[in-house]
Amino acid sequence: MPHIDQIVPALESFRIELPSWGFADTGTRFGVFRQPAAAATVDEKIADAGFVHALTGICPTVALHVQWDMPGGLTDLESVKRAASQAGVRPGSINPNFFQDQIYKHGSLSNVDPQVRRQAIVHGLESVAIARVLERRDEACWFGDGSNYPGTAHIRERRQWFEQGLRELHNELPPGGRLLVEYKPFEPAFYHTDIADWGMALLLARAAGQSAKVLVDTGHHYASQNIEQIVAWLLAEGMLGGFHFNDRRYADDDLTIGSIDPYQVFRIFHEIRFFERESGAPADVAFMIDQSHNLKGKIEAMIQTVVAAQALYARAALVDYEALVTAQRANDLVRAEMCLQNAFATDVRPLIAEWRISRNLPADPLDAFRESGYLDRITKERAGRARTPTAASLGTF
Ligand code: RM4
Ligand code: MN
Ligand code: MN
């Protein structure tokens with residue numbers, strides 16, 4: 001059993017951002033199974049996020065989706081700020097929506113129609129303005145742009161339009177602001193996607209300007225791709241901006257962290273900590289969750305994810321780096337591998353419970369949630385009220 005001091009610094013520094021859309025009804029393209037307690041308004045989403053933070057103590061910010069949470073743009077910000085301060089959280093990354101309006105049928109920043117490209121840029125700039133007013137650092141951009149059939153899109157021309165558009169957004173960032181460029185190999189486009197992988201995102205971020213970085217969504221890779229190697233390369237290039245964490249079995253499944261492959265998340269955390277140790281400075285990387293729980297209870301699933309991420313991060317803090325580097329240099333494969341395996345196999349849950357108690361947090365956030373009566377209360381409050389389903393309820397993205 002390791003000593004608690006070995007993981008306390010990791011526990012003190014680890015923070016992860018909750019997505020507002022993770023508390024709303026979502027489904028697949030085949031349908032949406034509604035939950036009576038699901039949040040339908042931004043106030044409800046923020047309140048639920050605040051409760052997750054109250055129980056876990058490590059998710060003080062909530063990512064906001066401009067179109068779903070602030071359809072009125074800048075005029076909605078006062079109420080968002082009020083809801084956040086009531087819930088004891090702060091707004092987090094600002095997520096523009098470049099994929100849902102009818103005009104984006106053939107793309108946003110890379111649409112052949114200059115008017116559509118302009119409209120996408122105007123929306124992106126509005127999101128930058130929102131980030132400025134809310135004093136948020138990150139604008140997180142995912143683009144569904146792509147095509148379904150060979151020959152139908154001019155791939156190089158679209159790349160140039162992306163460079164220009166991203167540069168324009170980048171140039172309006174507030175001081176200290178960042179533009180995060182997310183990639184995804186396919187879906188909604190099934191032949192080519194304009195920003196399909198980390199290399200494309202990296203080149204476009206570089207072209208946009210020095211405050212543009214790459215956002216790695218763990219669900220946005222082909223099966224068996226080595227994500228931690230991508231992470232290590234982006235760190236070495238100074239280009240890793242942040243993560244959207246979720247787990248997956250097949251494609252962009254948006255499952256709770258660690259539900260399928262906890263070792264994958266551990267290896268990512270390990271590469272980040274290894275880099276930090278060697279560079280002597282914290283990697284400036286935003287940990288964010290991007291999940292939609294279409295069958296599990298929203299809040300429960302979110303707590304489960306936060307707790308799993310925290311435990312995996314704490315386990316990564318147990319890697320014996322000196323032994324690891326020595327073994328690597330000696331080509332001692334088994335000993336090197338065991339440095340990771342031993343840390344990964346350690347049950348840190350009792351130590352984390354101890355840490356939580358020392359911070360006046362419930363030892364087991366999931367139990368505390370079940371005992372809190374919160375779910376019953378919101379189920380009653382929200383039952384039967386009119387719902388205005390947001391786009392998030394149309395499917396997983
Ligand atoms: C995408 C991607 C984005 C998210 C949208 C809704 O697959 O993960 O981050 O904002 O879905
Ligand atoms: Mn994402
Ligand atoms: Mn996704």
Side-chain angles (χ1 to χ4, degrees), residues 16-29 32 42 45 62-71 91-101 104 107-109 120 123-124 127 130-131 136 138-146 178-190 193-198 200-201 205 213-223 225 227 230-231 240-257 259-260 265 268 285-294 298 302 305 309 389-397:
I16 194 161
E17 182 163 305
L18 302 171
S20 70
W21 54 94
F23 298 99
D25 267 328
T26 45
T28 67
R29 61 202 167 105
V32 178
V42 64
K45 293 178 212 172
V62 190
L64 296 169
H65 210 287
V66 175
Q67 185 162 322
W68 302 336
D69 299 328
M70 299 167 288
S93 61
I94 303 301
N95 294 250
N97 186 313
F98 296 105
F99 49 89
Q100 212 160 14
D101 286 352
Y104 297 143
S108 61
L109 282 195
H123 175 68
S127 306
I130 289 173
R136 295 323 308 155
D138 289 335
E139 165 143 339
C141 300
W142 172 70
F143 300 90
D145 292 42
R178 303 193 306 175
L179 189 72
L180 303 184
V181 183
E182 186 172 355
Y183 58 91
K184 170 163 165 160
F186 67 91
E187 194 195 36
F190 292 117
T193 293
D194 286 285
I195 312 182
D197 66 24
W198 70 280
M200 298 177 202
K213 307 283 171 199
V214 177
L215 191 157
V216 176
D217 183 313
T218 48
H220 293 189
H221 301 89
Y222 290 113
Q225 203 163 353
I227 303 174
I230 295 172
V231 168
L240 182 62
F243 287 92
H244 273 176
F245 279 111
N246 48 63
D247 212 340
R248 50 77 71 83
R249 182 74 181 86
Y250 298 102
D252 190 18
D253 306 338
D254 284 343
L255 303 175
T256 44
I257 290 183
S259 55
I260 305 291
V265 187
I268 290 173
V285 177
F287 293 147
M288 302 175 271
I289 296 168
D290 181 8
Q291 293 175 7
S292 65
H293 308 114
N294 60 331
K298 317 284 174 194
M302 205 60 87
T305 265
T390 59
S393 61
L394 300 178
T396 54
F397 294 96

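Keep in mind that what you see is a predicted model, and the values were worked out from it rather than measured. Read the numbers this way: they start at 1 and go in the same order the structure lists the ligands and their atoms.
Less than 4.0 angstrom separates some heavy atom of Asp252 from each of these atoms of ligand 1: 7 (O). Taking every non-hydrogen atom of Asp217 and a distance limit under 4.0 Å, the qualifying atoms of ligand 1 come out as 8 (O). Of all the atoms in ligand 1, the ones that sit under 4.0 Å from a non-hydrogen atom of Glu182 are 2 (C), 3 (C), 8 (O), 9 (O). Atoms of ligand 1 lying under 4.0 Å from any heavy atom of Lys184, numbered from 1 in the order shown and given with element: 7 (O). Listed by number with element, the atoms of ligand 1 under 4.0 Å from a non-hydrogen atom of Asp290 are 2 (C), 3 (C), 4 (C), 8 (O), 9 (O).
When non-hydrogen atoms are compared, ligand 1 lies under 4.0 Å from the side chain of His244 (C-beta onward) but not from its backbone.
A donor-acceptor pair shorter than 3.5 Å can be found between the side chains of Trp21 and Asp290. At a cut-off of 3.5 Å, with distance as the only test, a side-chain donor of Asn246 or Asp217 sits close to an acceptor on the other residue. Checked by atom type, the side-chain pair Trp68/Gln100 shows a donor-acceptor distance below 3.5 Å.
Tyr183 is linked by a ring-ring contact (aromatic ring centres under 6.0 Å, His included) to His221, counting only residues two or more places apart in sequence or in another chain.
The distance cut-off of 2.8 Å around the Mn ion (ligand 2) captures these protein N, O or S atoms, sorted by chain and number: Glu182 OE2, Asp217 OD2, His244 ND1, Asp290 OD2.
A tilted orientation is assigned to the rings of Phe287 and Phe243, their planes being inclined by 30° to 60°. Taking the six-membered ring for Trp and thresholds of 30 and 60 degrees, Phe186 and Tyr222 have nearly parallel ring planes, at less than 30 degrees apart.
Where the criterion is an N or O separation shorter than 3.5 Å, residue side chain and backbone included, Trp68 fails it with respect to ligand 1. Below 3.5 Å of separation, one finds no N or O of Trp142 facing any N or O of ligand 1. Where the criterion is an N or O separation shorter than 3.5 Å, residue side chain and backbone included, His220 meets it with respect to ligand 1.
Heavy atoms of Asn95 come nearer than 4.0 angstrom to ligand 1 in no pair at all.
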- Steps toward side-chain contact (heavy atoms from CB on, under 4.5 Å) verdict (Glu17, Asp138): CA-CA 12 Å; Glu17 182 163 305; Asp138 289 335; over 6 Å; no

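Across Asp194, Asp252, Asp254, a single residue satisfies salt bridge (Lys or Arg N to Asp or Glu O under 4.0 Å) together with Lys184, and that is Asp252.
Here the side chain of Thr193 pairs a donor or acceptor atom with the backbone of Pro185 at under 3.5 angstrom. Checked by atom type and distance alone, the side chain of His123 pairs as donor or acceptor with a backbone atom of Asn97 at under 3.5 Å.
We find the CG-NZ distance between Leu64 and Lys45 to be 8.5 Å, quoted to the nearest 0.5 Å.
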